[in-house]
**Student:** 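The structure's right below; bear with me while I get my questions together.
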Amino acid sequence: MSFLSILLTVLGILLLLGLGTMTGLFFVGRKLYLSWRKPYKRAIDSLSRMSHTSVPFLQEFTYHPLFRQWLRVNGKQDLQALTVLFCATDSSTKGYILSSLPQHEQKKLHMKIKQKKSFTAEDVEKAVSKVRGYMENEYQHPTKKLDLSFYTLYFHEDYAEALKYIQSYKKSVNPILQETIDDIATAVLHSIPYYRSRRMYEQQHKFEMFLTKDLPDMLGLISQLPPPQRQEKEKELAVFLKQFQQEFEEAENSMYLSVENALQVKMRAAKEKFYKN
């Protein structure tokens, strides 16, 4: 082999080594840049790729005012759930989360998410459990009046679509009727868990049909009417809803009265049995 051939071979090897080194440095540099510029990319991408049915619920929770209340009360203590919620929400809410935390808490959250390579179904389910627990406590002991948006989130997997439809189409009716719709819908939604837990399926089904079928259909039809006809139909709907509300309240009072009577009978029977012995 001539000197020229050897020289060309050496130069070729050096060129290949140089190209390989440059390529390696490019990918390493790009990874370091993305790690600095987008430190949460791996975690966010991991959550977005998941097909878990509860991820949309967590996203909706971060958009609700209740989330800010949860963040003040529980967010700092529950870093694991906050990590999932942070990655589930949009960029503006991410900014709010970070700005609401003290600097040392910001650093803890930053490092935890940055080091998170991938989420599991268990991570999501634990976060859902924390959120559900907080919402259940708010449902049982409300710190303020629970509105329709709360119940839309609370019943996210059951009636969310119908309740969002109601909230959207009620905007086409007058403000007084909107308030009536809110009052009736929230009262019915508050009662459904009672019927469900006591297996009162007939009452549960009746009110579920009212929320998911009857009321949305009526609002949808009214929205299709021209303004002159709509005003008269709104009055008719208001009368119907008031009657429905009255019957609903009477049925509830009767139900609770029967429970009280049954309790009195049980206590009287126990008292008589005690004194006989």
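Start at 1 with the first residue, then count along the sequence.
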**Student:** Given the side-chain rings of H190 and Y139, with only the six-membered ring counted for Trp, is the space between their centroids under 6.0 Å?
**Tutor:** yes

**Student:** Tell me, with the steps shown, if K164 and E60 meet salt bridge (charged side-chain N to carboxylate O under 4.0 Å, His left out).
**Tutor:** CA-CA 12 Å; K164 286 178 182 177; E60 291 290 334; 3.5 Å; yes

**Student:** Is the distance between the ring centroids of H205 and Y195 under 6.0 Å?
**Tutor:** no

**Student:** Check the pair D182, K170 against side-chain contact (heavy atoms from CB on, under 4.5 Å), reporting the backbone distance first and the verdict last.
**Tutor:** CA-CA 9 Å; D182 281 347; K170 76 173 185 179; 2.5 Å; yes

**Student:** Is S129 reaching over with its side chain to a backbone N or O of E125, donor-acceptor style, under 3.5 angstrom?
**Tutor:** no

**Student:** Below 4.5 Å, heavy atoms only, C-beta onward: do L219 and S172 meet side chain to side chain?
**Tutor:** no

**Student:** Looking at every heavy atom in both Y154 and R132, which two are closest together, and how far apart are they?
**Tutor:** O-NH1, 2.9 Å

**Student:** Is it true that a side-chain atom of S48 and a backbone atom of D45 form a donor plus acceptor pair closer than 3.5 Å?
**Tutor:** yes

**Student:** Taking Y63 as the starting point, is it possible to reach L58 by hopping between hydrophobic residues whose side chains are less than 4.5 Å apart?
**Tutor:** no

**Student:** Checking the side chain of Q178 only, and the main-chain atoms of V173 only, is there a donor and an acceptor separated by less than 3.5 Å?
**Tutor:** yes

**Student:** Nearest 0.5 Å please: distance from the CE atom of M135 over to the CG atom of N137.
**Tutor:** 11.5 Å

**Student:** Measure the shortest side-chain to side-chain distance between R199 and Q204 over non-hydrogen atoms and say whether it is less than 4.5 angstrom.
**Tutor:** no

**Student:** Please evaluate residues Q80 and K130 with respect to the criterion side-chain contact (heavy atoms from CB on, under 4.5 Å), reporting the C-alpha separation (whole Å), side-chain torsions for both, the decisive distance (0.1 Å), and the verdict.
**Tutor:** CA-CA 10 Å; Q80 187 173 6; K130 296 289 184 179; over 6 Å; no

**Student:** More than 12 foreign heavy atoms under 6.0 Å from CD of Q77: is that the case here?
**Tutor:** yes

**Student:** Could you tell me whether K233 and E236 make a salt bridge, using a distance below 4.0 angstrom between a side-chain N and a carboxylate O?
**Tutor:** yes

**Student:** Mark yes or no: R196 above the aromatic ring of Y194, with NZ or CZ under 6.0 Å from the six-membered ring centre and no more than 45 degrees from the axis.
**Tutor:** no

**Student:** Which heavy-atom pair separates L225 from R230 by the least distance, and what is that distance?
**Tutor:** O-NH2, 2.9 Å

**Student:** Supply the atom-to-atom distance E234 CD to N174 CG, rounded to the nearest 0.5 angstrom.
**Tutor:** 4.5 Å

**Student:** Are I192 and L211 close enough that some pair of their side-chain heavy atoms sits under 4.5 Å apart?
**Tutor:** yes

**Student:** Only one of V55, I44, L47 clears side-chain contact (heavy atoms from CB on, under 4.5 Å) with F119; which?
**Tutor:** L47

**Student:** Has T89 got a side-chain atom pairing as donor or acceptor with L85's backbone, closer than 3.5 angstrom?
**Tutor:** no

**Student:** Checking K94 against F86: charged group under 6.0 Å from the ring centre and within 45 degrees of the axis?
**Tutor:** yes

**Student:** If you define the side chain from C-beta out and look only at heavy atoms, does anything of N74 sit under 4.5 Å from L82?
**Tutor:** no

**Student:** Run the side-chain contact (heavy atoms from CB on, under 4.5 Å) check on L109 and I97 step by step: do they pass?
**Tutor:** CA-CA 10 Å; L109 180 64; I97 292 170; 4.0 Å; yes

**Student:** Can any side-chain N or O of Q106 pair as donor or acceptor with the backbone N or O of L101 at less than 3.5 Å?
**Tutor:** yes

**Student:** Are L221 and I184 connected into the same hydrophobic cluster when the rule is that any two of I, L, V, M, F, W, Y join if their side-chain heavy atoms are below 4.5 Å apart?
**Tutor:** no

**Student:** Under 3.5 Å, is there a donor on one side chain and an acceptor on the other for D90 and T93?
**Tutor:** yes

**Student:** If you define the side chain from C-beta out and look only at heavy atoms, does anything of S223 sit under 4.5 Å from K171?
**Tutor:** no

**Student:** Apply the test side chain to side chain donor-acceptor pair (under 3.5 Å) to residues T152 and Q167: give CA-CA distance (whole Å), side-chain angles for both, the deciding distance (0.1 Å), then the verdict.
**Tutor:** CA-CA 9 Å; T152 303; Q167 290 184 86; 3.0 Å; yes

**Student:** Using side-chain heavy atoms (C-beta onward) and a distance below 4.5 Å, is K108 in contact with E105?
**Tutor:** yes

**Student:** Among the clusters formed by ILVMFWY side chains lying less than 4.5 Å apart, do L79 and V73 turn up in the same one?
**Tutor:** yes

**Student:** Could you tell me whether the side chain of M218 reaches within less than 4.5 Å of the side chain of F240, counting heavy atoms only?
**Tutor:** yes

**Student:** Closest heavy-atom contact between K116 and R42?
**Tutor:** O-CB, 4.2 Å

**Student:** When you measure from the side chain of D123 to the backbone of T120, do you find a donor-acceptor pair of N or O atoms at a distance under 3.5 Å?
**Tutor:** yes

**Student:** Would you name the heavy atoms of H64 and F150 that are closest together and state the gap between them?
**Tutor:** NE2-N, 3.6 Å

**Student:** Per the ring-ring contact (aromatic ring centres under 6.0 Å, His included) rule, which among F57, Y134, Y96, F61 passes with F67?
**Tutor:** F61

**Student:** Answer whether the closest heavy-atom distance between the side chains of K206 and E202 falls below 4.5 Å.
**Tutor:** no

**Student:** Minimum heavy-atom separation for P216 to F210, with atom names?
**Tutor:** CD-O, 3.8 Å

**Student:** Looking only at heavy atoms, which two atoms of A43 and C87 are closest? And how far apart?
**Tutor:** CB-SG, 3.8 Å

**Student:** What's the separation between atom OH in Y151 and atom CG in D158, rounded to the nearest 0.5 Å?
**Tutor:** 14.0 Å

**Student:** Taking the six-membered ring for Trp and the full ring for Phe, Tyr or His, determine whether the centres of F207 and F248 are under 6.0 Å apart.
**Tutor:** yes

**Student:** Enter the distance from L215:CG to L237:CG here, rounded to the nearest 0.5 Å.
**Tutor:** 7.0 Å

**Student:** Is it the case that over 12 heavy atoms from other parts of the model lie below 6.0 angstrom from the CD atom of Q140?
**Tutor:** yes

**Student:** Can you measure from CD1 (I176) to CD1 (I181) and round to the nearest 0.5 angstrom?
**Tutor:** 12.0 Å

